[in-house]
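Letters go in sequence order (proteins before strands), and every chain restarts at 1. Side chains are part of it too, since the values below use all heavy atoms of this structure and drop only hydrogens, waters and symmetry mates.
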2 protein chains.
Amino acid sequence: MSLVPSSKRSSSRSVARRQTLALSITEALRQEIVSGVRSPGSKVSEPSIAGSQNVSRAPVREALRQLEREGLVVFDAVGRCRVVELTSDDVEDICGLRVSLESTAASHAAARFSDATQRVLHDNLEQMESATTLDEVSMLDLAFHGEVMEASGRRRLIAAWRAIEPQLRLWLGTLQRRREAISADVLASTVAAHRQLIEVLASGDRTRAREFAAFHVASWVDGNDTTM
Amino acid sequence: MSLVPSSKRSSSRSVARRQTLALSITEALRQEIVSGVRSPGSKVSEPSIAGSQNVSRAPVREALRQLEREGLVVFDAVGRCRVVELTSDDVEDICGLRVSLESTAASHAAARFSDATQRVLHDNLEQMESATTLDEVSMLDLAFHGEVMEASGRRRLIAAWRAIEPQLRLWLGTLQRRREAISADVLASTVAAHRQLIEVLASGDRTRAREFAAFHVASWVDGNDTTM
DNA sequence: GGCCGCCAAATTGTCGACAGTTTTTGTCCC
DNA sequence: GGGACAAAAACTGTCGACAATTTGGCGGCC
């Protein structure tokens with residue numbers, strides 16, 4: 001398999017680290033996990049990956065640690081690594097934390113909403129309106145919420161979000177591999193909610209932003225079946 | 001779903017990983033940073049640490065990555081590592097996130113409050129009452145809140161807390177190195193607040209737990225001077 | 001005195017190797 | 001067929017080494 005070329009990180013905030021083998025492998029593995037090529041619970045050993053990617057174990061090791069940070073793999077007591085298996089409990093956990101983080105972020109974002117942010121969000125909205133596949137919508141949805149997080153300007157809040165976002169992607173992927181089509185009304189309501197969130201953020205009303213974000217995320221969670 | 005038997009160590013990791021060189025070095029470095037032996041902004045290079053600890057660079061490298069995860073060191077674009085320099089902005093950031101996480105945790109903890117947890121918290125309370133140094137009180141305070149986080153049973157919530165807790169320790173350390181004595185009324189009010197929090201948690205009222213925790217943490221933040 | 005380029009030292013990213021464990025395989029016996 | 005047991009394979013943690021960069025210092029030049 002070839003290493004993913006990795007378009008540069010969309011977020012301008014995080015420091016662009018020099019491209020390194022460990023980074024390429026991290027991205028490649030993340031993609032494999034989220035896309036389901038590596039199924040939950042399957043073993044992930046350093047030598048096998050090092051062999052398949054034609055690198056030494058060192059960068060692989062580093063990549064696995066990064067993926068652990070993102071919650072996509074877990075290490076057992078003896079250091080063995082496996083792809084994480086998300087239970088419905090885990091999903092609940094993730095979503096609960098997500099509500100906390102996003103509502104807090106929305107509150108901050110409302111206090112420092114910029115034109116640039118608004119442009120980015122509107123852009124995302126337009127893309128979503130013309131999206132066709134469920135996968136596309138999900139990714140745009142995550143990107144939208146990621147931008148709101150970034151707009152909060154709170155580094156540690158963003159870091160906490162980044163620690164669960166890949167798990168959300170993984171979960172959404174699993175869901176999508178069961179369904180296939182995209183429900184038109186879900187798309188419509190998501191777009192509507194996002195549009196409304198932008199307005200609330202632009203209004204600068206922090207309390208309302210917090211509450212609306214909490215409500216939107218929570219109802220989004222309800223809209224998706226969390227049982228696995 | 002198994003939960004921590006609560007029998008073992010108080011600051012329990014979810015998994016007791018086998019003792020490893022990387023772990024020892026992580027702990028040693030963390031201590032050096034939090035205690036101020038390594039001052040904020042100072043360089044942390046792999047060879048120097050490897051040399052001083054008589055190990056190779058590999059475990060040092062891993063330790064530094066762990067410390068980065070804990071926010072105690074930062075890497076620049078070319079991979080150089082330094083001890084983090086916390087600005088008043090950072091502290092605000094940390095505390096804001098802390099309020100979010102702890103109030104959420106309190107809400108969950110109230111819903112599943114156990115006798116074991118109550119015992120641990122009361123134990124902490126007693127220790128704090130007989131504490132003499134400011135350092136002692138701070139550590140017990142952090143331990144108390146850590147236990148509340150654990151009591152929430154939300155792994156990812158706990159993980160997010162662990163990602164900022166060391167930075168809190170670092171900040172408290174710097175503060176303490178400026179003052180010296182412990183204010184009796186601060187101690188008293190902290191103990192009182194903790195006692196009250198235990199009661200609220202035991203009552204099982206999730207909303208009240210959330211609100212009380214948010215209030216307590218926020219006022220604690222106000223009580224400490226965040227300007228650096 | 002201050003700025004510029006050059007050389008030496010230091011540092012990171014990556015590699016291959018080895019020892020100690022853990023897991024798997026294969027075999028023999030019941 | 002199933003279980004105990006031993007050999008074999010696989011894996012992790014750690015080490016030392018090397019090349020490519022980056023940093024720091026030094027002398028020269030304006």
Side-chain angles (χ1 to χ4, degrees), chain A residues 1-6 8-9 14-30 32-33 38-70 72-85, chain B residues 13-30 32-33 38-69 72-85:
Chain A
M1 287 297 141
S2 63
L3 297 177
V4 174
S6 97
K8 62 179 164 180
R9 206 86 176 99
S14 63
V15 187
R17 251 203 264 224
R18 195 176 37 185
Q19 182 69 350
T20 182
L21 269 184
L23 225 121
S24 309
I25 295 173
T26 303
E27 287 164 5
L29 282 179
R30 187 191 296 123
E32 289 183 11
I33 293 174
R38 287 180 188 272
S39 50
S42 61
K43 284 180 289 193
V44 183
S45 75
E46 293 170 11
S48 70
I49 296 170
S52 74
Q53 302 272 4
N54 275 84
V55 295
S56 79
R57 278 176 50 211
V60 174
R61 212 178 157 72
E62 206 162 317
L64 291 184
R65 284 331 225 282
Q66 173 60 30
L67 292 174
E68 181 195 24
R69 185 197 294 217
E70 298 174 8
L72 291 182
V73 303
V74 293
F75 288 85
D76 64 19
V78 285
R80 249 75 180 207
C81 181
R82 297 175 162 277
V83 176
V84 70
E85 295 179 278
Chain B
R13 300 271 155 126
S14 35
V15 206
R17 263 224 263 261
R18 197 175 35 184
Q19 182 67 354
T20 183
L21 268 185
L23 232 142
S24 311
I25 295 173
T26 303
E27 287 164 7
L29 284 179
R30 186 192 296 123
E32 289 183 10
I33 293 173
R38 287 180 188 273
S39 50
S42 62
K43 284 181 292 192
V44 183
S45 76
E46 293 172 11
S48 68
I49 296 170
S52 73
Q53 303 270 1
N54 275 83
V55 295
S56 78
R57 278 176 50 210
V60 174
R61 213 178 156 71
E62 205 160 316
L64 291 184
R65 286 324 235 280
Q66 173 59 31
L67 292 174
E68 181 195 24
R69 183 198 295 216
L72 291 182
V73 304
V74 292
F75 287 86
D76 63 19
V78 284
R80 249 73 180 206
C81 181
R82 299 177 162 278
V83 176
V84 70
E85 295 179 278

If you look at every heavy atom in A:Gln53 and A:Ala28, which pair is closest and at what distance?
NE2-CB, 3.9 Å
Minimal non-hydrogen separation, A:Arg18 against A:Leu23, with atom names
O-CD1, 4.5 Å
Rounded to whole Å, how long is the line connecting atom CD of B:Glu46 with atom C1' of D:dG16?
14 Å
Between atom CG in B:Leu23 and atom P in D:dT14, what is the gap in whole Å?
9 Å
In whole angstroms, the gap separating P of D:dT22 from CG of B:Asp76 amounts to 11 Å
Output yes when at least one side-chain N/O atom of B:Thr20 is less than 4.0 Å from OP1 or OP2 of D:dT14, else no.
yes
Residue closer to the 5' end of DNA chain C, B:Arg80 versus A:Arg80 (nearest nucleotide)
B:Arg80
Assign each of A:Arg65 and B:Val78 the nucleotide of DNA chain D bearing its closest heavy atom; nearer the 5' end lies the nucleotide of A:Arg65
Looking just at side-chain N and O atoms, do A:Gln66 and A:Glu70 make a donor-acceptor pair shorter than 3.5 Å?
yes
N-O pairing of A:Arg69 and B:Glu68 below 4.0 Å:
yes
Rounded distance (Å) that lies between atom P of D:dC15 and atom CD1 of B:Ile25:
8 Å
Counting side-chain heavy atoms from C-beta on, which of D:dT14, C:dG13, D:dC11 comes nearest to B:Leu21?
D:dT14
Pick base, sugar-phosphate or nothing for A:Glu62, based on heavy-atom distances below 4.0 Å to the nucleic acid.
nothing
Per atom distances to the A:Arg18 side chain, the nearest of C:dT11, C:dT14, D:dT21 is D:dT21
Between D:dT22 (C1') and B:Arg82 (CZ): distance, integer Å:
13 Å
OP1 or OP2 of C:dT12 sitting under 4.0 Å from any side-chain N/O of B:Lys43?
no
OP1 or OP2 of C:dG16 less than 4.0 angstrom from a side-chain nitrogen or oxygen of A:Ser56, does that happen here?
no
5'-most contact on DNA chain C: A:Arg57 or A:Ala22, nearest heavy atom basis?
A:Ala22
Expressed in angstrom and rounded to an integer, what is the separation of A:Asn54 atom CG from C:dG16 atom C1'?
14 Å
Ignoring the backbone of B:Val55, work out which of C:dT23, D:dG24, D:dC15 is nearest its side chain.
D:dC15
Once you round it to whole Å, what is the distance between C1' of D:dG13 and CD of B:Gln19?
13 Å
By nearest atom, which of the nucleotides D:dT23, C:dT14, C:dT24 is closest to the A:Pro59 side chain?
C:dT14
Between A:Gln53 (CD) and C:dG13 (C1'), how many Å, whole number?
17 Å
Can you identify which nucleotide, out of D:dT12, C:dT14, D:dT22, has its nearest atom closest to the A:Arg61 side chain?
D:dT12
Shortest non-hydrogen contact from A:Leu29 toward A:Arg38:
CD2-NE, 3.6 Å
